Participant: 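Before anything else, here's the structure in question.
A note on names: the letters A, B, ... follow the listed sequences, proteins ahead of strands, and every chain is numbered from 1. Just so it is clear, the model here is predicted, and its values are computed rather than measured.
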Number of protein chains: 2
Amino acid sequence: MPAEAKAPASTARAAGQPASPPLTERQEARRRRILHASAQLAGRGGFDAVQMREVAESSQVALGTLYRYFPSKVHLLVATMQDQLEHMHDTLRKKPPAGQTAAERVAETLMRAFRALQREPQLADAMVRALTFADRSVSPEVDQVSRQTTTIILDAMGLEDPTPDQLSAVRVIEHTWHSALITWLSGRASIAQVKVDLETVCRLIDLTGPRERD
Amino acid sequence: MPAEAKAPASTARAAGQPASPPLTERQEARRRRILHASAQLAGRGGFDAVQMREVAESSQVALGTLYRYFPSKVHLLVATMQDQLEHMHDTLRKKPPAGQTAAERVAETLMRAFRALQREPQLADAMVRALTFADRSVSPEVDQVSRQTTTIILDAMGLEDPTPDQLSAVRVIEHTWHSALITWLSGRASIAQVKVDLETVCRLIDLTGPRERD
DNA sequence: CGATAATCTAGAACAAGTTTCAGACTTGAT
DNA sequence: ATCAAGTCTGAAACTTGTTCTAGATTATCG
């Protein structure tokens with residue numbers, strides 16, 4: 001019978017996955033070392049600096065093992081993003097945004113996240129590029145990131161069950177968030193511009209927010 | 001003295017570039033063959049199917065020459081997108097959108113463009129993935145695409161000189177456009193969802209459109 | 001404890017983007 | 001027509017993501 005699980009996958013901690021067989025301690029440790037190395041390398045040179053051989057070496061794991069845990073570089077970086085997002089969500093839960101309106105709170109939340117990314121622009125580059133470059137084979141993981149982001153925004157809005165209209169607004173906000181990050185990361189938009197755009201898109205919330213018409 | 005131009009670059013037809021030395025006819029023809037081959041290959045397998053060796057062979061050009069014209073695969077695909085965007089803009093000029101409000105016209109324009117992309121989803125995949133994956137070295141070209149897109153949207157709005165507020169709204173619309181395309185292309189959003197999101201974001205125009213308060 | 005099946009390791013091998021180089025070919029100017 | 005400078009070609013080399021293989025290790029079952 002099998003010794004360790006067949007295919008080490010994501011933590012499955014949050015919502016979603018069909019819970020692949022649990023990892024042994026050593027496997028959990030390996031996974032953690034890999035993600036750590038990934039974030040570390042990304043923190044230096046961004047996407048390009050995350051080289052699979054280096055990640056393997058840094059995390060004391062054979063190349064083949066790395067690929068068993070994360071079937072591609074993009075998978076690895078998206079998983080790294082999931083990891084960081086969890087931190088962010090925890091932080092936000094401790095100090096929720098304080099604005100009066102939902103739009104203000106969402107804008108504040110996004111700006112806080114943005115400032116966090118500004119501290120590690122290279123890491124942001126690696127994660128965001130991976131996220132938007134991901135093809136269908138990474139869909140489940142990218143979707144998980146998307147769900148996590150949606151949760152964070154809905155939390156900021158303070159909503160229980162959003163209307164379809166509001167969900168669309170939230171999706172648009174996420175679109176803007178990702179794409180604005182990209183333009184900032186590639187040097188085509190200033191920080192101020194990103195700020196303005198995030199505030200602009202958040203106005204959509206006021207537009208859909210005050211319930212349909214009951 | 002030089003025989004042909006030093007660095008064959010983009011058409012520089014539209015606005016923007018400092019007009020690199022003009023290309024000879026044969027060079028223009030090569031450039032065109034390359035772009036054609038690129039679009040053709042992209043039309044089949046999408047981003048991955050555009051392999052530089054194949055593009056070179058298809059367009060009857062040496063690999064080194066291909067790289068002289070387009071310094072990377074991403075450059076090539078972004079140029080391909082510029083090309084397609086021009087077509088689109090021409091088409092739109094012939095049959096402008098007919099909606100009553102600016103928001104309607106923009107939404108109609110985007111939906112028309114979206115339908116055009118649906119006819120060649122693989123080509124869309126290649127172009128959009130390249131666009132969002134582009135790093136700083138491609139900024140000028142990506143910026144050109146962005147300007148072209150902005151022009152198309154402003155055209156649809158029928159605006160002469162937009163306010164900063166409106167420009168931000170347009171940027172947000174572009175963000176949504178790109179990011180929504182990505183989610184559709186990677187199979188994480190339905191066509192209907194993209195449609196709704198585009199309509200949602202276009203409402204921002206009504207919010208900023210009817211001049212400040214004058 | 002021993003058998004067994006899966007995992008992990010080291011390293012070679014392969015694929016596609018990118019770079020490089022020597023030599024043949026064009027071009028524009030004299 | 002000839003020359004100089006730059007361009008194009010064909011092919012090899014290099015880089016980094018990905019795959020494959022044979023053998024050493026580890027975990028679980030009996």
Participant: Between A:G64 and A:F47, which is nearer to the 5' end of DNA chain D once each is assigned its nearest nucleotide?
Facilitator: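 Comparing both residues, the 5'-ward one is A:F47.
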
Participant: Can you check the B:L66 CG to D:dA11 P distance for me, whole Å?
Facilitator: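 Whole-Å distance recorded here is 17 Å.
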
Participant: What is the distance, to the nearest angstrom, from the OH atom on A:Y69 to the C1' atom on C:dC8?
Facilitator: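 In whole Å, C:dC8 C1' and A:Y69 OH are 9 Å from each other.
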
Participant: Measure from the side chain of A:R68, starting at C-beta and using heavy atoms only, and say which of C:dT19, D:dT18, C:dT7 lies closest.
Facilitator: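 Closest nucleotide among those given: C:dT7.
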
Participant: Reckon B:Q27 has a side-chain N or O less than 4.0 Å from the OP1 or OP2 of D:dC8?
Facilitator: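 Yes, because at least one side-chain N or O of B:Q27 sits under 4.0 Å from OP1 or OP2 of D:dC8.
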
Participant: Give the rounded distance in Å between these two atoms: CG of A:L77 and C1' of D:dG17.
Facilitator: 12 Å

Participant: Mind calculating the distance between CZ (A:R33) and C1' (C:dT9) to the nearest angstrom?
Facilitator: 13 Å

Participant: Could you tell me whether the side chains of B:T163 and B:D165 share a donor-acceptor contact shorter than 3.5 Å?
Facilitator: no

Participant: Whole angstrom is fine here: how far is it from CE in A:M52 over to P in D:dT19?
Facilitator: 10 Å

Participant: Taking any heavy-atom pair under 4.0 Å as a contact, classify A:V55: base, sugar-phosphate, or nothing.
Facilitator: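 The answer is nothing, as A:V55 stays clear of every strand by at least 4.0 Å.
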
Participant: I need the NZ-P distance between A:K73 and C:dA16, as an integer number of Å.
Facilitator: 17 Å

Participant: Side chains of B:R93 and B:H89: any donor to acceptor distance under 3.5 Å?
Facilitator: yes

Participant: Decide whether B:R26 and B:T24 meet the rule of one side-chain donor and one side-chain acceptor closer than 3.5 Å.
Facilitator: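 B:R26 vs B:T24: no donor-acceptor pair found between side chains.
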
Participant: So if I take every side-chain heavy atom of A:T65 and compare against C:dC8, D:dT19, C:dA16, which nucleotide ends up nearest?
Facilitator: C:dC8

Participant: Side chain of A:L63 only, please: which of D:dT19, C:dC8, C:dT26 is the nearest?
Facilitator: D:dT19

Participant: Does this structure show an ion pair linking A:R53 with A:E57, if we count only N-O contacts that are shorter than 4.0 Å?
Facilitator: no

Participant: Looking at C:dG17, D:dA27, C:dC8, which one has an atom nearest to any side-chain atom of B:Y67?
Facilitator: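 Of C:dG17, D:dA27, C:dC8, C:dG17 is nearest to the side chain of B:Y67.
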
Participant: Determine whether the side chains of A:E174 and A:T150 contain a donor N or O and an acceptor N or O closer than 3.5 Å.
Facilitator: yes

Participant: In terms of side-chain heavy atoms of B:R53, which of C:dG17, D:dG17, C:dA12 is nearest?
Facilitator: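 My answer, after comparing the listed nucleotides, is C:dG17.
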
Participant: Between atom CD in A:Q51 and atom P in C:dT18, what is the gap in whole Å?
Facilitator: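 It works out to 14 Å between those atoms.
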
Participant: For B:Q60, which contact category applies under a 4.0 Å heavy-atom criterion: base, sugar-phosphate, or nothing?
Facilitator: sugar-phosphate

Participant: Rounded to the Å, how far apart are B:E25 CD and C:dT26 P?
Facilitator: 15 Å

